[in-house]
Amino acid sequence: PICNATYTVTYTRTGSNFTETDSRYNGGAATTLVSNVTSFRVTRQSLTSPTTLLVTLTVGTSPAVTRSVTIYCRNL
């Protein structure tokens, strides 16, 4: 096993799809995680340690469903 390995994973809203690109999976091609996305937002919540990010994803329109998660970063 590789200790402390780092990988770049990219999340993108492309049209109405929320996609993930990770070179370890799917040949590095984008994979759709969620369809019918109407909003994707990342907000930095704190400027001091520990740094926290709020990620919000909204899906659909009638009624829209919103999910948020707070991420506590080790290195940012």
Side-chain angles (χ1 to χ4, degrees):
I2 299 173
C3 296
N4 297 320
T6 59
Y7 303 97
T8 300
V9 181
T10 304
Y11 295 93
T12 308
R13 179 178 167 205
T14 305
S16 64
N17 292 325
F18 182 67
T19 62
E20 173 187 68
T21 303
D22 185 336
S23 61
R24 296 172 294 169
Y25 307 106
N26 198 28
T31 301
T32 299
L33 300 177
V34 181
S35 299
N36 200 23
V37 172
T38 55
S39 175
F40 169 58
R41 183 174 57 249
V42 178
T43 307
R44 189 172 184 165
Q45 296 291 293
S46 66
L47 297 177
T48 59
S49 185
T51 300
T52 57
L53 302 175
L54 176 65
V55 178
T56 304
L57 186 68
T58 303
V59 178
T61 57
S62 183
V65 176
T66 300
R67 296 290 183 257
S68 297
V69 62
T70 300
I71 300 171
Y72 296 90
C73 305
R74 292 188 326 175
N75 302 311
L76 182 65

What's the spacing between N17 CG and T31 OG1 if we round to 0.5 Å?
11.5 Å
What is the distance from atom OG1 of T19 to atom CG of L33, rounded to the nearest 0.5 Å?
7.0 Å
Would V37 and L54 show up in the same hydrophobic cluster when neighbours are defined by side-chain heavy atoms closer than 4.5 Å?
no
Inter- and intrachain pairs under ring pair (Phe, Tyr, Trp, His ring centres under 6.0 Å), touching residues 14-33, at least two apart
Y11-F18, F18-F40
For T38, all residues meeting side chain to side chain donor-acceptor pair (under 3.5 Å), sequence neighbours excluded:
none
Those residues at least two apart in sequence (or on a different chain) that pass side chain to side chain contact (heavy atoms under 4.5 Å, CB included) with R67 are V65
side-chain contact (heavy atoms from CB on, under 4.5 Å), that's the test. Do R41 and T58 meet it? Break it down for me.
CA-CA 9 Å; R41 183 174 57 249; T58 303; over 6 Å; no
